[in-house]
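The structure presented is a predicted model; accordingly, all values stated were derived computationally and were not measured. Below, chain A is the first sequence line, B the second, and so on; all start at residue 1.
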Amino acid sequence: MKKLLKILCAAVTLCVILLSLGGCWSADEISHKAIILGISVDFADTPEKYLVTAQIARPSQLKASSADGENAYINISSEGVGVQAALHGFETQLSREIYTGHMELIIFSEEIARSGLTPVLDYFYRSSEARFSTPVIIAEGRAADLLDIQADLEQMPVSSILGTMSNQDSDIIMSGTTMGDLLREMVTEHSAVTLALFRVNGKRAAMEKAAVIKGDKMIGSLTIDQKQYELLAGGEYDEGVQVCKIADGKVASFRIMKCVTKHNLKYENGQFSADISVNITGQISGITFGGEEYTIRAREDLEQILRDFITRGINDMFSATKEINADIIGFNEMLRRKYPRDSKSLLENWDDNYRNFPISVSVAATLTGTGAVRERVK
Amino acid sequence: MSSVKITKWQMISVGVCYMIGAILHLSEVSATAGRDAWLMPVAGLIMFVPTAAIYCLLVKLHPQKCLYEINEQALGKTLGKVFTFLYMLFFFHICTLNTMQAEAFVSAYLLPGTPVIVCGLMMTAFCAFAIYRGLRAIIVIPFAFGIVSGAYLLFNFLQSVPQMRPEFLRPMLAQEPRVYLHAAHIEATVIYGEIIGLLTFAGMLEKKTKFSVCFIITMIISCLYLILVHLRERTLLGDLTPYVSFPSFGAVRMIGNVTGTLSRVESIYSLVMIAFSIFRVLITLWAVITALKQVFNLQSYTSLIIPAAALAAVYSMRIYASPNDSYIYGLNTTPFVWTVFTFIMPLITLVFAAARRLLTKMPTPNTSRKLPEQGAEPSGAEGF
């Protein structure tokens with residue numbers, strides 16, 4: 001009897017295994033998915049509706065796209081009362097189920113960013129597929145146009161935009177703010193964060209500004225130069241180029257090799273203040289004026305030029321952010337961390353107090369090289 | 001007493017893997033203590049010391065006995081069985097809670113769209129099979145798996161170091177004291193307290209091995225691990241931590257950059273997490289089955305495995321409407337309810353055991369009456 005039971009159990013187990021070899025009854029094969037690489041969100045022409053455009057990869061065309069003129073992607077759009085509803089609308093246009101797990105970019109139009117990102121971001125951060133490490137950018141004009149640009153060196157517009165950001169990232173102009181960074185700043189009171197602001201010119205896109213987001217709304221923008229100084233003052237600047245424009249069209253450019261920024265918050269006589277010290281190491285990259293005196297022998301003069309230029313740039317950046325009341329460096333958080341009790345009253349009205357918050361900037365510059373030549377070639 | 005013996009390191013690996021399995025339940029502590037959550041494993045451990053001392057003393061007074069045998073020896077047959085039955089309910093509740101959390105995690109992140117019942121049945125079927133195979137299978141799983149997974153978790157932690165922002169931990173200890181008390185209470189009763197399940201293995205420990213040594217090493221390793229988990233959560237998520245359903249997993253999902261070179265590292269991490277969670281289900285299911293065996297004086301627990309596992313799978317779908325309810329319950333009610341099972345009941349058992357020991361040592365004027373041997377059932381024990 002026991003032996004019979006064993007045989008019976010083995011037979012049942014074998015049957016179950018054999019049946020399951022064919023796969024799951026509700027199999028979710030990757031080849032049956034429409035893989036979304038990027039999503040843009042605009043206000044639709046219909047009131048109270050969003051226009052969501054998705055760039056979907058066509059894996060079969062990824063290698064042969066340039067040869068037969070077929071794109072390696074398709075863009076499809078759908079309208080809905082929310083992002084979820086619009087995405088649901090894709091299901092009626094596609095033969096495959098959409099998949100956002102490989103989404104590499106989220107683009108919001110400036111109009112949406114100015115009206116508030118919470119209603120549109122809600123879907124993305126609740127989704128188990130979307131990732132916090134996905135970069136978010138803002139588009140001047142229609143966000144969908146960014147997904148339709150000509151990607152000369154890449155196969156897809158999304159890759160081209162991401163390439164621009166990561167390429168610029170190494171050259172300090174813009175770092176990619178991710179959905180996680182954005183959410184983290186959104187839950188932190190009074191903080192502001194900057195996102196890359198792209199503009200479409202014809203069929204090409206360029207990153208020309210940085211959108212300043214406070215709470216969940218875009219409240220203004222910074223120029224690319226101001227964005228650089230934000231990175232410098234915030235301690236996120238690694239290396240890059242500083243082109244110092246001096247009077248009468250004279251230009252001295254420097255290659256920055258290393259940058260160390262320190263923040264020192266003070267509380268003296270009931271007054272809070274911040275000292276920012278920036279220590280730069282670089283080398284001469286190009287000088288359009290002067291004679292022999294502007295070689296490495298005149299290093300101190302050149303260092304002074306660089307020092308003054310960066311100090312002025314950072315101060316101008318702070319003036320601009322104080323005008324729009326955007327604490328993009330996060331002094332409020334730094335104060336809260338360093339002086340949790342004393343700073344309470346100041347931080348309660350931080351939106352007003354930031355305008356008058358004293359920030360002093362000191363820059364130290366050291367030039368360690370002259371490039372490939374020692375002297376200026378006449 | 002089981003004929004199977006487990007070594008010191010096997011016992012430690014069971015304890016540590018069981019504690020790591022609690023990773024899906026850490027959100028209550030993160031939400032309560034905020035940026036100071038990483039200090040709570042230490043505060044909770046300090047709060048847990050008296051409970052730990054009770055567990056160690058219980059095992060010291062009743063060497064080579066498991067929790068349920070200790071109950072019967074210390075409290076007498078009737079009350080002992082009542083306690084064992086209550087522990088059975090407690091472990092059954094933990095078992096189903098863990099199954100529910102694991103199901104929610106699997107169907108949300110690992111295999112989206114998979115019916116919850118399929119996840120539950122597969123997990124409990126695996127656990128039932130491991131229990132059917134016997135204690136050796138239960139011990140071998142964490143020993144082999146724990147080393148590999150532990151190494152991976154360490155590697156995974158190191159991967160996240162470049163993106164960590166230590167400033168998210170400041171200001172330290174600037175919240176109201178009741179916040180820390182609440183968080184440490186959750187940590188001590190819900191996270192550490194559930195380690196009482198390890199006492200169901202105490203009877204199988206090798207004779208020369210001290211349970212207290214195993215227990216202390218387990219608690220220290222677990223505490224270090226919990227500190228690392230909380231540190232990573234906070235330094236990666238910052239103020240976003242309370243908003244994320246599974247903070248430790250959410251933090252791992254943050255690993256990555258704009259070029260995508262380091263992204264999607266959470267796939268293996270989620271597998272490891274779910275494996276540890278299943279192991280926690282396995283241990284609690286084992287505790288349930290052995291408790292039932294003890295209550296009903298059964299020779300073998302084999303016949304209990306399938307019904308208990310099936311009940312756990314089904315009950316896991318009914319216990320709460322959603323994991324969020326469990327989270328809210330875990331914030332306010334669970335720490336107090338769990339105190340009864342993890343502290344008060346062992347304390348009562350210890351008091352009875354100590355009293356019994358004192359009585360047996362006390363010289364009696366009536367020399368003709370034979371004193372009962374230690375561990376033997378004294379007459380009138382049912383009266384307790």
Side-chain angles (χ1 to χ4, degrees), chain A residues 13 16 24-28 97 99 101-102 104-105 125-137 159 161-170 174-189 191 196 235 263 330 333-344, chain B residues 34-36 104-115 118 121-122 125 129 132 160 163 165-176 234-247 249-267 270 306:
Chain A
T13 313
V16 171
C24 186
W25 66 86
S26 58
D28 224 1
E97 190 186 343
Y99 180 66
H102 288 291
E104 292 180 334
L105 187 65
Y125 62 71
R126 279 181 197 277
S127 164
S128 59
E129 287 178 1
R131 311 173 61 79
F132 282 172
S133 55
T134 308
V136 181
I137 62 169
S159 314
I161 295 164
L162 282 173
T164 311
M165 285 168 70
S166 54
N167 178 36
Q168 300 287 4
D169 198 18
S170 65
M174 187 69 74
S175 57
T177 305
T178 63
M179 189 164 69
D181 298 331
L182 185 60
L183 287 175
R184 201 162 44 208
E185 296 301 329
M186 276 166 63
V187 299
T188 311
E189 269 189 285
S191 273
H263 303 116
E333 275 301 297
M334 291 183 202
L335 285 168
R336 187 169 66 90
R337 287 179 193 129
K338 192 167 181 184
Y339 302 104
R341 285 191 182 85
D342 298 321
S343 65
K344 256 185 186 171
Chain B
R35 59 183 168 270
D36 296 314
F105 183 74
V106 170
S107 40
Y109 295 102
L110 216 56
L111 295 165
T114 308
V118 175
L121 281 175
M122 281 176 74
F129 182 67
Y132 174 75
S160 57
Q163 278 179 268
R165 292 174 63 178
E167 67 267 23
F168 287 156
L169 302 172
R170 295 177 63 196
M172 278 182 210
L173 301 171
Q175 301 175 75
E176 289 178 29
R234 191 67 202 179
T235 50
L236 287 178
L237 293 170
D239 287 339
L240 202 58
T241 315
Y243 294 83
V244 181
S245 303
F246 296 105
F249 182 67
V252 178
R253 292 187 89 199
M254 292 286 276
I255 302 173
N257 50 19
V258 75
T259 51
T261 46
L262 247 180
S263 62
R264 289 173 176 78
V265 294
E266 80 277 10
S267 317
S270 57
I306 292 174

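The NE2 atom of His263(A) lies 10.0 Å from the CD atom of Glu167(B); values are rounded to the nearest 0.5 Å. Rounding to the nearest 0.5 Å places CE of Met186(A) at 13.5 Å from CG of Asp239(B).
Other residues, nucleotides and ligands place more than 12 heavy atoms under 6.0 Å from the CG atom of Leu173(B). Few gaps surround CE on Met334(A); more than 12 heavy atoms of other groups in view lie less than 6.0 Å from it.
The closest donor-acceptor contact from the side chain of Arg184(A) to the backbone of Leu236(B) lies under 3.5 Å.
Neither the backbone nor the side chain of Leu169(B) comes within contact range of chain A; no heavy atoms are under 4.5 Å apart. Contacts of Ser191(A) with chain B are absent, with no heavy-atom separation under 4.5 Å from either backbone or side chain. Proximity to chain B is limited to the side chain of Glu333(A), based on heavy atoms less than 4.5 angstrom apart. Residue Arg126(A) does not touch chain B at all, counting heavy-atom pairs closer than 4.5 Å.
The side-chain contact (heavy atoms from CB on, under 4.5 Å) test applied to Ser270(B) returns Phe105(B), Leu110(B), Phe249(B), not counting sequence neighbours. For Arg170(B), the salt bridge (Lys or Arg N to Asp or Glu O under 4.0 Å) test picks out no residue, with sequence neighbours left out.
A 4.5 Å side-chain heavy-atom check between Leu183(A) and Tyr243(B) finds every atom pair outside the cut-off.
In terms of heavy-atom proximity, Ser127(A) sits nearest to Arg253(B) at O-NH1, 4.2 Å.
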